[in-house]
Amino acid sequence: MSEPVISAGGFGQAPLIVTDRLFFEQPGTRLDRDAAGRIVARTLGAAEDGELFLEYRQSEQLALDDGRIRSAGFDAALGFGLRAVAGEAAFYAHAGELSEAALERAAATVAALPAGASPNRDAAPPASNARLYSDANPLDAMPFETRTRLLAELDAYARGSDPAVRQVSASLAGEWQAVQIIRADGTRTADLRPLVRLSVTVVLERNGRRESGSYGTGGRYGYQPLAATSCWQAAVDEALRQARVNLESRPAPAGEMDVVLGPGWPGILLHEAIGHGLEGDFNRKKTSAFAGLLGRRIAAPGITVIDDGTLPDRRGSITIDDEGTPSHRTILIEDGILTGFLQDRLNARLMGMRPTGNGRRQSYAHAPMPRMTNTVMLAGRHAPEEMISSVKNGLYAVNFGGGQVDITSGKFVFSASEAYRIEAGRVTTPVKGATLIGNGPDALTRVSMVGTDMALDPGIGTCGKNGQGVPVGVGQPTLKIAGLTVGGTAS
């Protein structure tokens, strides 16, 4: 099929109109909307659930390194996924071709659905008129030359800010995803999703020692906010600050100690160590450390955790999920009590619960499953200074790098990319090589103070699960966790 013709004039119209134009009304198109509806109705008529997921995605990235544009890429993908659900089984077929013939071949594949397996068909998701972000395609809004000039200005600013700068790397990435979902009863829903990100890394050298610092920001909007001088300069300043801190760092201590986590991005520990364990599929299959604990206390009093896909313009937000369910603000833990799970339609039905708008997929080539959106711990009543002053000997972890978690046991290991010693109630020496080792359910019970300063991450998260990646957000206030194991390199 030829490349879809997209006119900017259509972006302000309803997503269904724009996606109809993309999938069914292009010159030379080989898929008729009415024919698609008939095939879906015929194929999924005996299924408990299922849908036709149509997707068009444009993405681009521009990267600068050492003052030169090192890479520039653009990609466009168009395709569909057809799913039929019966009981716990999902029959799925997809194609990177949008045609009636390809859809018929997919329908023949998912026709393996057992006859008579579905006495009742799940009701379609409720309609929603909410729009959480612009329909506009960010890739059309800023010429290539403007983006290259922005990265060049960023490079010059970083090098002019500190004579110790030895390397500057920066990238701009943008994406526009258009989806339409068609169900057996003829229900159609659609969404248009922009996504942008700016990333900066600088390397400083002093006295023969080199250290780096990084920062990124983004969300579901166009390039314009990132192109604002105040935005990219702040990103460079933060990357420089982190690199300077690392130049002064010493080997991290090891042992069991009180740990204070900073606000915002450290919520990635909450996402990994706790959030995944609250996804419906892991709890239905009883492979989560939280399985069977609904309604019971799993965290210290004062801890409330939500997953909120309705935050405007946030990276993890979605107007509808990839099954057509409107996004929700789902309370997972309320004052320490486990109150809910993150659900797609299949797992919600099998668990006797309602879908929460968390059925997400990486692309048309993937079946949906329960995934987080923006996972946040709400603010408490303690000032951050109060937490620091209460620690005699501990660690203050401000930013995190990578980490691993085992869903079944809840065990996690996370590396801190920026951390400091706390000595006699004061933040002192920056340290390098600190890792936090613990168990998610256990760590929840060890939180002794929750701060008043809840913050969201700057818009950089991507979550991996079963080989699929989707954009997500995290957030939390400053937290004090008692008796967490810290791995370090100090002798």
Side-chain angles (χ1 to χ4, degrees), residues 3 8 57-77 136-177 194-249 265 315 399-402 415 417-418 432 457-462 464 469 471:
E3 184 69 14
R57 185 193 303 257
Q58 292 180 329
S59 59
E60 66 181 10
Q61 184 172 22
L62 185 65
L64 174 145
D65 191 23
D66 276 341
R68 298 181 179 181
I69 298 297
R70 295 293 184 183
S71 65
F74 175 84
D75 185 55
N137 186 341
L139 279 62
D140 289 345
M142 184 177 290
F144 180 82
E145 296 77 9
T146 304
R147 286 182 281 126
T148 57
R149 186 166 58 250
L150 187 156
L151 292 179
E153 291 175 357
L154 183 154
D155 178 82
Y157 175 77
R159 296 179 184 278
S161 297
D162 194 321
V165 171
R166 294 294 176 267
Q167 184 176 0
V168 179
S169 301
S171 65
L172 270 174
E175 176 182 299
W176 188 70
Q177 182 192 28
L195 190 67
V196 295
R197 175 174 171 170
L198 169 69
S199 301
V200 182
T201 298
V202 297
V203 177
L204 303 184
E205 181 178 19
R206 288 201 184 107
N207 302 320
R209 179 177 177 178
R210 287 195 173 201
E211 295 288 352
S212 64
S214 301
Y215 186 76
T217 186
R220 291 201 181 277
Y221 39 74
Y223 283 127
Q224 288 77 6
L226 302 183
T229 302
S230 58
C231 177
W232 62 258
Q233 285 189 355
V236 172
D237 291 343
E238 177 59 18
L240 287 168
R241 184 196 67 79
Q242 290 186 26
R244 291 172 185 138
V245 167
N246 288 332
L247 281 172
E248 303 299 323
S249 65
W265 179 242
R315 180 176 173 86
N399 280 299
F400 283 104
S415 61
S417 58
E418 181 184 354
K432 187 174 183 178
D457 79 282
I460 58 175
T462 298

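Every heavy atom of this structure was used, including side-chain atoms; hydrogens, water molecules and symmetry mates were not.
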Looking only at heavy atoms, what is the nearest atom pair of Ala158 and Val202, with distance? CB-CG1, 4.4 Å
Donor-acceptor pair, Gln58 side chain versus Trp176 backbone, under 3.5 Å? no
With heavy-atom distances below 4.5 Å as the criterion, would you say the side chains of Glu238 and Pro458 are in contact? no
Verdict with reasoning, Val168 to Leu154, per side chain to side chain contact (heavy atoms under 4.5 Å, CB included): CA-CA 9 Å; Val168 179; Leu154 183 154; 4.2 Å; yes
Is there a side-chain contact between Leu240 and Val165, using heavy atoms and a 4.5 Å cut-off? yes
Output every pair passing ring pair (Phe, Tyr, Trp, His ring centres under 6.0 Å) with a member in residues 202-247, not counting sequence neighbours, ordered by first then second residue. Tyr157-Trp232
Taking side chain to side chain donor-acceptor pair (under 3.5 Å) as the definition, give me every residue that meets it alongside Glu175, ordered by chain and number, with sequence neighbours left out. Arg57
Sub-4.5 Å side-chain heavy-atom contact between Asp162 and Arg206: yes
State, to 0.1 Å, how close Ser212 and Thr201 come at their nearest heavy-atom pair, and which atoms those are. CB-CG2, 4.4 Å
Could I get the full list of side chain to side chain donor-acceptor pair (under 3.5 Å) partners for Thr462, not counting sequence neighbours? Arg315
Report the residues that fulfil salt bridge (Lys or Arg N to Asp or Glu O under 4.0 Å) with Glu211, sequence neighbours left out, ordered by chain and then residue number. Arg209, Lys432
Sequence neighbours excluded, the answer for salt bridge (Lys or Arg N to Asp or Glu O under 4.0 Å) partners of Glu205 is Arg166, Arg210
For the CD atom of Gln242 and the CG atom of Asp237, what is their distance to the nearest 0.5 Å? 12.0 Å
Would you indicate whether the side-chain heavy atoms of Gln177 and Leu195 approach each other to under 4.5 Å? no
Approximate separation, where rounding is to 0.5 Å, of Asp65 CG and Ser171 OG: 10.5 Å
Hey, what do you get for CD (Glu60) to CE (Met142), rounding to the nearest 0.5 Å? 10.0 Å
Which atoms form the tightest heavy-atom contact between Gly222 and Pro138, and what is the distance? CA-CB, 3.8 Å
Gap between atom OG of Ser169 and atom CG of Leu64 - 0.5 Å precision: 7.5 Å
Between Thr148 and Glu145, the two heavy atoms sitting closest are OG1-O, 2.8 Å
Any idea which heavy atoms bring Ala136 and Pro194 closest together, and the distance? O-CB, 3.7 Å
If you define the side chain from C-beta out and look only at heavy atoms, does anything of Val196 sit under 4.5 Å from Leu172? no
Return each pair, listed once, that meets side chain to side chain donor-acceptor pair (under 3.5 Å) where at least one residue sits in residues 67-77; pairs must be two or more places apart or across chains. none
With a 4.5 Å cut-off on side-chain heavy atoms, are Cys231 and Pro225 touching? no
Do any N or O atoms from the side chain of Thr217 and from the backbone of Leu198 form a donor-acceptor pair under 3.5 angstrom? no
Here the pair of heavy atoms bringing Ala243 nearest to Gly213 is CB-N, 3.6 Å
Indicate yes or no for a side-chain donor-acceptor contact from Arg197 to the backbone of Gly459 under 3.5 Å, with no hydrogens or angles considered. no
